[in-house]
Q: 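The structure under discussion is supplied below as structure tokens; questions concerning it will follow.
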There are 2 protein chains.
Amino acid sequence: MRDQNPAKGLQRAELARRTGANLETVRYYEKVGLLPPPPRTASGYRSYDRAHERRLSFILRARELGFSLEEVRALLRLVDERDQPCAEASRLAAAHLADVRAKIADLRRMESVLKNVVAQCGDGTRPDCPLIETLFREAAAE
Amino acid sequence: MRDQNPAKGLQRAELARRTGANLETVRYYEKVGLLPPPPRTASGYRSYDRAHERRLSFILRARELGFSLEEVRALLRLVDERDQPCAEASRLAAAHLADVRAKIADLRRMESVLKNVVAQCGDGTRPDCPLIETLFREAAAE
DNA sequence: CTTGACCCTGTAGTCGCTACAGACCGTAGC
DNA sequence: GCTACGGTCTGTAGCGACTACAGGGTCAAG
């Protein structure tokens with residue numbers, strides 16, 4: 001097993017395991033500038049510390065809340081600059097909340113139509129299929 | 001103005017306008033095999049008929065309901081083969097409905113967390129930002 | 001000294017479009 | 001007939017957010 005001494009730095013796979021990130025995602029976040037490039041060992045291996053782990057967890061949690069990478073980037077900038085970030089952070093969260101609610105509304109319209117057609121289809125023995133008829137005939141939802 | 005005689009076929013832009021599709025999307029659907037390649041004029045322009053319009057509308061409505069292009073492809077296959085499609089169509093719709101409901105559930109978890117942090121942030125004058133603290137401290141949702 | 005597990009890089013693929021660039025066509029006005 | 005302006009054609013590249021290789025280097029255990 002590899003080095004797990006906390007003073008010595010984590011390898012990429014270990015960081016991924018600890019945070020729940022996919023291995024390749026870690027490199028991707030570095031590439032797009034969300035994670036700072038970690039120091040390297042003599043042979044070129046990345047060596048992460050607790051600050052990286054903390055930052056990666058932050059990113060992953062923001063992603064779980066549905067923030068885009070650009071939004072995450074903005075949040076991280078607030079964290080890094082740390083002068084009165086709450087007003088701006090709150091604005092970002094509120095804007096994102098509105099997005100989320102819009103998506104929920106869209107999905108609910110879909111759900112409602114789908115629920116109806118599935119109910120009408122019943123056991124599927126009908127000669128005319130309500131789903132197919134719906135798609136041919138009407139606008140999907142209003 | 002171009003030919004709008006319904007007996008003579010529609011050009012791509014006209015088909016797009018009538019169905020509400022984006023111009024480029026029409027060509028894309030042809031490329032991926034959802035729309036059959038229409039006949040061409042002597043100079044190579046596509047010439048669509050009512051069947052194309054009907055099929056394109058079908059695709060767009062299925063997309064509005066959130067079906068993936070692969071699911072749309074499956075639905076169109078059922079339409080084309082037309083032997084007792086309802087059981088299979090209903091199965092597709094039910095599976096998709098489950099997806100939609102799962103997405104709604106995910107989004108609702110996000111909404112709930114975001115709503116709380118926005119409320120806690122208040123007017124954004126706090127020195128510690130509840131959003132940023134949340135992202136650093138906790139798992140986002142359970 | 002070999003095996004196998006890890007690491008490195010760069011690149012291509014995913015989904016569903018969307019947006020060009022650069023060429024051709026077709027019509028209206030002069 | 002000439003020109004301008006729009007439409008159409010093709011192929012290709014880009015988006016977001018990863019994910020999955022290929023082809024190589026490194027490291028520790030047996």
Side-chain angles (χ1 to χ4, degrees), chain A residues 1-5 8-35 37-48 52 56 59-76 96 99 103 106 110, chain B residues 1-5 8-35 37-48 52 56 59-76 96 99 103 106 110:
Chain A
M1 182 151 291
R2 291 310 172 85
D3 192 349
Q4 284 198 344
N5 179 339
K8 291 292 183 192
L10 302 95
Q11 282 194 300
R12 189 152 58 103
E14 210 175 337
L15 179 68
R17 190 183 48 72
R18 290 172 66 103
T19 56
N22 177 296
L23 184 60
E24 301 286 337
T25 304
V26 176
R27 191 158 66 100
Y28 175 72
Y29 286 164
E30 180 181 332
K31 195 178 83 177
V32 300
L34 293 176
L35 273 182
R40 302 293 185 109
T41 65
S43 58
Y45 287 19
R46 288 173 182 81
S47 179
Y48 296 99
H52 288 102
L56 178 53
I59 297 169
L60 294 172
R61 284 175 193 143
R63 295 288 300 131
E64 279 174 33
L65 288 180
F67 286 101
S68 72
L69 290 191
E70 275 318 300
E71 288 168 328
V72 175
R73 195 187 303 281
L75 289 170
L76 286 169
H96 179 53
D99 287 354
K103 277 191 190 133
D106 281 352
M110 298 178 196
Chain B
M1 182 152 294
R2 292 311 173 83
D3 192 349
Q4 285 200 342
N5 179 340
K8 290 294 182 191
L10 303 98
Q11 282 194 294
R12 190 152 56 106
E14 211 175 332
L15 179 68
R17 191 182 47 71
R18 291 172 66 103
T19 55
N22 178 296
L23 185 59
E24 301 286 341
T25 305
V26 176
R27 192 158 65 99
Y28 175 71
Y29 286 166
E30 181 182 331
K31 196 177 83 175
V32 299
L34 293 176
L35 273 182
R40 302 295 185 109
T41 66
S43 58
Y45 286 19
R46 289 173 180 81
S47 180
Y48 296 99
H52 289 102
L56 179 53
I59 297 168
L60 294 172
R61 286 177 193 140
R63 295 288 301 135
E64 280 174 33
L65 288 181
F67 286 101
S68 72
L69 291 192
E70 277 316 302
E71 288 168 329
V72 174
R73 194 187 303 281
L75 289 170
L76 286 170
H96 178 53
D99 287 354
K103 278 192 188 129
D106 280 352
M110 298 177 195

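We name chains A, B, ... by the order of the sequence lines, and we start the count at 1 in each one.
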Q: Rounded to whole Å, how long is the line connecting atom CZ of B:R40 with atom C1' of C:dG26?
A: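 Value for this atom pair: 17 Å.
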
Q: Please name all residues satisfying side chain to side chain donor-acceptor pair (under 3.5 Å) with B:H96, sequence neighbours left out, ordered by chain then number.
A: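 Residues passing side chain to side chain donor-acceptor pair (under 3.5 Å) with B:H96: none at all.
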
Q: How long is the gap from CG on B:L10 to CZ on B:R18, to the nearest 0.5 Å?
A: 5.5 Å

Q: Whole angstroms only, please: what is the CG-C1' distance between A:L60 and D:dC18?
A: 12 Å

Q: Any N or O donor-acceptor pair under 3.5 Å from the base of D:dG25 to the side chain of A:Y45?
A: yes

Q: Which distance, rounded to the nearest 0.5 Å, do you find between the OG1 of A:T19 and the CD of A:E14?
A: 11.0 Å

Q: Which atom pairs, donor and acceptor, lie under 3.5 Å between side-chain atoms of residues 21-34 of chain B and protein residues at least two apart or in another chain?
A:
from, atom 1, to, atom 2, distance (Å)
B:N22, OD1, B:E24, N, 2.7
B:E30, OE1, B:R46, NE, 2.8

Q: Is there side-chain contact between A:R63 and A:I59, with heavy atoms separated by less than 4.5 Å?
A: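 A side-chain contact under 4.5 Å exists here.
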
Q: As an exercise, state the distance from CD of A:Q11 to OG1 of A:T41, rounded to the nearest 0.5 Å.
A: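 If we round to the nearest 0.5 Å, A:Q11:CD and A:T41:OG1 are 7.5 Å apart.
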
Q: Measuring to OP1 and OP2 of C:dC24, would you say a side-chain N or O of B:S43 lies under 4.0 angstrom away?
A: no

Q: Can you find a side chain N or O atom of B:R73 that sits less than 4.0 Å from OP1 or OP2 on C:dC15?
A: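 Looking at the OP1 and OP2 atoms of C:dC15, neither is under 4.0 Å from any side-chain N or O of B:R73.
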
Q: For A:R40, give me all partners under side chain to side chain donor-acceptor pair (under 3.5 Å), at least two apart in sequence or on another chain.
A: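 Listed in chain order: nothing, the list is empty.
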
Q: Check every atom of D:dC27, C:dT9, D:dC9 against the side chain of A:R12 and return the nucleotide holding the closest atom.
A: C:dT9

Q: Starting at atom CZ of A:R46, determine the distance to atom P of C:dC6, rounded to an integer number of angstrom.
A: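 Spelled out: CZ on A:R46 to P on C:dC6 is 17 Å.
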
Q: Taking five pairs at each end of the helix from C:dC1-D:dG30 to C:dC30-D:dG1, what angle separates the two helix axes (nearest 10°)?
A: 30°

Q: Ignoring backbone atoms, test whether B:R17 places a side-chain nitrogen or oxygen under 4.0 Å from the OP1 or OP2 oxygen of D:dG7.
A: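 False: B:R17 side-chain N/O out of range (4.0 Å or more) of D:dG7 OP1/OP2.
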
Q: Let me have a per-nucleotide readout for nucleotides 16-22 of chain C, 5' to 3', with B, S or -, counting only protein heavy atoms under 4.0 Å.
A: BBBBB--

